[in-house]
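Here is the structure we will look at, set down as structure tokens.
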Amino acid sequence: MLDPKYFRQEIKTTKELLARRGFVLDVETISNLEERRKDVQIKTQELQATRNSKSKGIGKAKAQGEDIQPLLAEVATLGDELKVAEDELNAIQAELDAIIMSVPNVPDETVPDGKDENDNVEIRQWGEVPTFDFEIKDHVDLGEKLGQLDFETAAKLTGSRFAIMNGSIARLHRALIQFMLDLHSQEHGYTETYVPYIVNSESLRGTGQLPKFEEDLFKLHSEHEFYLIPTAEVPVTNIVRDVIIDDDYMPRKYVCHTPCFRSEAGSYGKDTRGMIRQHQFEKVELVQVVSADKSKEAHEELTGHAEEVLKRLELPYRIVNLCAGDIGFSATKTYDLEVWVPSQKTYREISSCSNFNDFQARRLKARWRNPETGKPELVHTINGSGLAVGRTLVAIMENYQQADGSIRIPNVLQNYMGGIEEIKI
RNA sequence: GGAGAAAUGGCCGAGUUGGCUGAAGGCGCUCCCCUGCUAAGGGAGUAUGGGGUUUAUAGCUCCAUCGAGGGUUCGAAUCCCUCUUUCUCCGCCA
């Protein structure tokens with residue numbers, strides 16, 4: 001959430017900034033509520049102050065053996081009055097909170113204008129798009145020809161948008177996870193972490209998936225309000241929820257592999273073929289928790305860490321700066337890494353690296369103690385995929401395919417594959 | 001799953017016959033003083049969030065918070081209810 005002060009003192013500016021991403025801030029409703037909040041809060045606190053001082057007086061009088069009946073009469077109606085005021089304040093506050101919680105983050109000044117993905121700005125490209133002197137197949141055909149990718153049986157077990165992997169493809173998928181975890185934990189300074197795949201609604205509110213995006217989530221029918229995680233971002237970032245981090249433990253850098261579960265009710269019809277868009281997929285996630293002055297730098301660094309995976313896998317990719325209309329709800333700036341997918345003759349998103357500045361931290365009450373001031377300050381959170389494993393597998397299968405349908409193994413993965421150099425047909 | 005105990009500030013730990021206890025004491029930390037070093041000693045300070053005031057800090061002031069949420073009461077860390085978590089014992093289990 002945004003700083004409540006933005007809604008008091010700088011609401012006009014905030015409205016303009018949010019308009020860049022196509023969000024219409026209802027200034028009038030918020031200002032009216034805010035005005036009432038102020039009145040009622042002052043009144044409530046005054047009543048509370050009166051009650052507190054009178055009650056203390058009663059305590060003293062009683063201790064000295066005085067008659068407290070007159071004092072009791074004085075406060076007789078105070079309780080009711082206070083209750084009314086408190087209820088009203090709570091109601092206003094709840095209404096205000098509901099609105100504020102559904103307001104997205106404001107875009108950073110370096111975010112380009114635009115309303116959708118067509119307005120995203122390419123920052124750079126890396127690698128050479130491969131050329132083939134034979135008719136290429138997409139990963140679905142490649143996988144089925146190998147007998148190692150099976151969507152039909154998965155549909156029988158569960159439904160659409162699930163996959164079964166077998167044999168060397170399953171191993172390659174696992175190898176990718178190992179490789180990514182090793183790279184980030186051994187060379188990029190991240191702490192490998194293992195977290196629950198089921199979280200409560202508080203955690204989802206903290207990172208911004210709730211209250212607005214419940215339809216994207218799988219909710220469990222348990223006695224508690226539990227959800228399957230849509231990304232490791234949720235459990236990992238919530239590690240610092242309600243915590244004041246000591247300076248010695250800043251910055252925090254986590255790398256975490258989890259399955260991700262997405263209902264994505266809104267995106268049916270898109271990418272129905274193959275593994276691009278699944279209800280369940282694996283992802284290696286990078287999360288950094290840093291002080292405010294370091295977040296831009298950390299965002300660039302983290303994006304570089306994700307890029308390094310593609311470089312070592314020798315997969316051609318480009319990096320785009322998402323425009324204001326395309327960045328996610330909680331993000332102030334996002335770089336997408338897009339990998340070349342030969343069958344689609346285009347770059348497809350494989351990682352999304354976002355800076356959330358203090359937007360998540362404010363919801364999470366995630367702070368660190370600045371040794372210079374001695375005061376707690378909101379942290380900044382940054383995260384990105386490093387990378388989405390299923391899509392990386394797709395990219396390798398398609399970019400490394402050979403005429404007969406066999407698939408070469410990228411050099412850096414061969415050790416993880418028992419030394420084999422290709423998946424033979 | 002059954003039985004019992006507990007949850008207090010950065011940590012340890014008092015307080016549970018309701019009333020200057022937002023919270024004793026200790027440790028830690030910060031600043032100052034003293035001691036020629038070392039060790040020790042003396043003093044002061046040290047929770048978080050929010051509101052008002054202010055251009056804004058600082059300051060002043062008020063409110064809230066003793067696991068969470070309700071309730072009783074003029075008044076709750078203290079009493080009642082619900083929930084969560086932790087510990088001990090038993091059972092079960094990868």
Side-chain angles (χ1 to χ4, degrees), chain A residues 1-13 30-31 33-97 100-101 194-206 220 222-227 235 238-250 252 292 358-379:
Chain A
M1 66 190 270
L2 296 173
D3 191 333
K5 289 195 175 85
Y6 287 5
F7 298 107
R8 292 177 198 152
Q9 289 140 22
E10 297 164 49
I11 192 157
K12 288 268 162 59
T13 321
I30 293 173
S31 300
L33 279 168
E34 189 45 47
E35 219 167 288
R36 282 176 59 210
R37 189 224 97 231
K38 190 169 163 179
D39 290 348
V40 176
Q41 182 163 0
I42 289 171
K43 187 177 150 199
T44 305
Q45 292 188 351
E46 276 172 0
L47 286 169
Q48 284 170 332
T50 310
R51 179 206 57 196
N52 289 347
S53 67
K54 299 244 178 193
S55 290
K56 267 185 186 166
I58 292 175
K60 269 187 200 163
K62 204 175 173 189
Q64 291 166 7
E66 293 169 16
D67 180 16
I68 60 168
Q69 281 311 317
L71 292 171
L72 284 177
E74 243 179 87
V75 293
T77 58
L78 200 62
D80 294 337
E81 216 179 319
L82 184 58
K83 180 100 175 91
V84 170
E86 278 176 343
D87 287 348
E88 195 185 353
L89 180 61
N90 287 339
I92 293 169
Q93 199 61 62
E95 214 176 318
L96 214 43
D97 285 348
I100 289 172
M101 285 295 273
Y194 172 89
V195 295
Y197 302 158
I198 295 172
V199 293
N200 57 34
S201 53
E202 262 309 295
S203 293
L204 288 156
R205 291 180 76 81
L220 300 182
S222 64
E223 64 175 305
H224 303 289
E225 212 180 359
F226 284 160
Y227 297 81
N238 273 277
I239 291 172
V240 296
R241 168 151 57 91
D242 293 319
V243 172
I244 300 174
I245 303 165
D246 201 81
D247 178 49
D248 297 347
Y249 296 94
M250 290 287 283
R252 308 277 284 260
D358 59 10
F359 188 89
Q360 291 183 328
R362 187 169 291 106
R363 292 177 168 224
L364 292 162
K365 296 189 191 71
R367 293 162 296 174
W368 73 295
R369 196 174 294 279
N370 185 342
E372 285 176 23
T373 60
K375 293 289 175 199
E377 294 175 9
L378 290 171
V379 298

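Worth knowing before you read on, the calculation uses all heavy atoms, side chains too, and leaves out hydrogens, waters and symmetry mates. Only a predicted model underlies this, so the values are computations on that prediction, with no experimental measurement involved. Below, chains carry the letters A, B, ... as their sequence lines are ordered, and counting in each starts from 1.
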Hey, does A:N52 reach any base, or is it just sugar-phosphate, or nothing, if we go heavy atoms under 4.0 Å?
sugar-phosphate
Position toward the 5' end of RNA chain B (nearest nucleotide), A:Q9 or A:R51:
A:Q9
Between B:U73 and B:G19 - C1' atom distance, rounded Å:
12 Å
5' to 3' contact window, RNA chain B with chain A (heavy-atom distance under 4.0 Å):
B:G19 to B:U84
Taking the C1' atom of each, how far is B:G13 from B:A7, in whole Å?
13 Å
Roughly how far apart, to the nearest Å, are B:C90 and B:G67 at atom P?
30 Å
Apply side-chain hydrogen bond (donor to acceptor under 3.5 Å, both in side chains) to A:S203 and list each qualifying residue two or more places apart in sequence or on a separate chain.
A:N200, A:R241
What closest approach, in Å, do A:L378 and A:A361 show between heavy atoms, and which atom pair accounts for it?
CD2-O, 3.7 Å
Nearest-nucleotide comparison on RNA chain B, the residue closer to the 5′ end among A:Q41 and A:K375
A:K375
In whole Å, measure the gap between the P atoms of B:A5 and B:C66 for me.
23 Å
side-chain hydrogen bond (donor to acceptor under 3.5 Å, both in side chains) filter on A:D97, not counting sequence neighbours, yields A:Q93
Counterpart residues, side-chain hydrogen bond (donor to acceptor under 3.5 Å, both in side chains), relative to A:E88 (two or more places apart)
none
Residues in ring-ring contact (aromatic ring centres under 6.0 Å, His included) with A:Y249, at least two apart?
none
Take N1-N3 plus N6-O4 or O6-N4 for Watson-Crick, N1-O2 plus O6-N3 for G-U, both under 3.5 Å. Which runs of 3 or more such pairs involve RNA chain B?
B:1-7 with B:84-90, B:10-12 with B:25-27, B:28-33 with B:41-46, B:47-53 with B:59-65, B:67-71 with B:79-83
Taking only residues two or more places apart in sequence, or in another chain, which ones meet A:R36 in a salt bridge (Lys or Arg N to Asp or Glu O under 4.0 Å)?
none
Taking side-chain hydrogen bond (donor to acceptor under 3.5 Å, both in side chains) as the definition, give me every residue that meets it alongside A:Q9, ordered by chain and number, with sequence neighbours left out.
none
For a quick check of understanding: with a heavy-atom distance under 4.0 Å over all strands, which category does A:P376 fall into, base, sugar-phosphate or nothing?
sugar-phosphate
When the C1' atoms of B:U48 and B:A44 are compared, how many Å lie between them, rounded to an integer?
23 Å
On a whole-Å scale, what distance lies between the P atoms belonging to B:C20 and B:C83?
32 Å
Under the side-chain hydrogen bond (donor to acceptor under 3.5 Å, both in side chains) definition, can you give me all pairs with a residue in residues 49-62 of chain A, not counting sequence neighbours?
A:K54-A:E74
Pairwise P distance for B:U17 and B:A6, with rounding to whole Å:
14 Å
Distance between P atoms of B:G1 and B:A64 (Å, rounded):
39 Å
At 4.0 Å (heavy atoms only), tell me whether A:K38 reaches a base, stays on the sugar-phosphate, or touches nothing.
sugar-phosphate
Count the heavy atoms of every other residue, nucleotide or ligand shown that sit under 6.0 Å from OH of A:Y227, and state whether that count exceeds 12.
yes
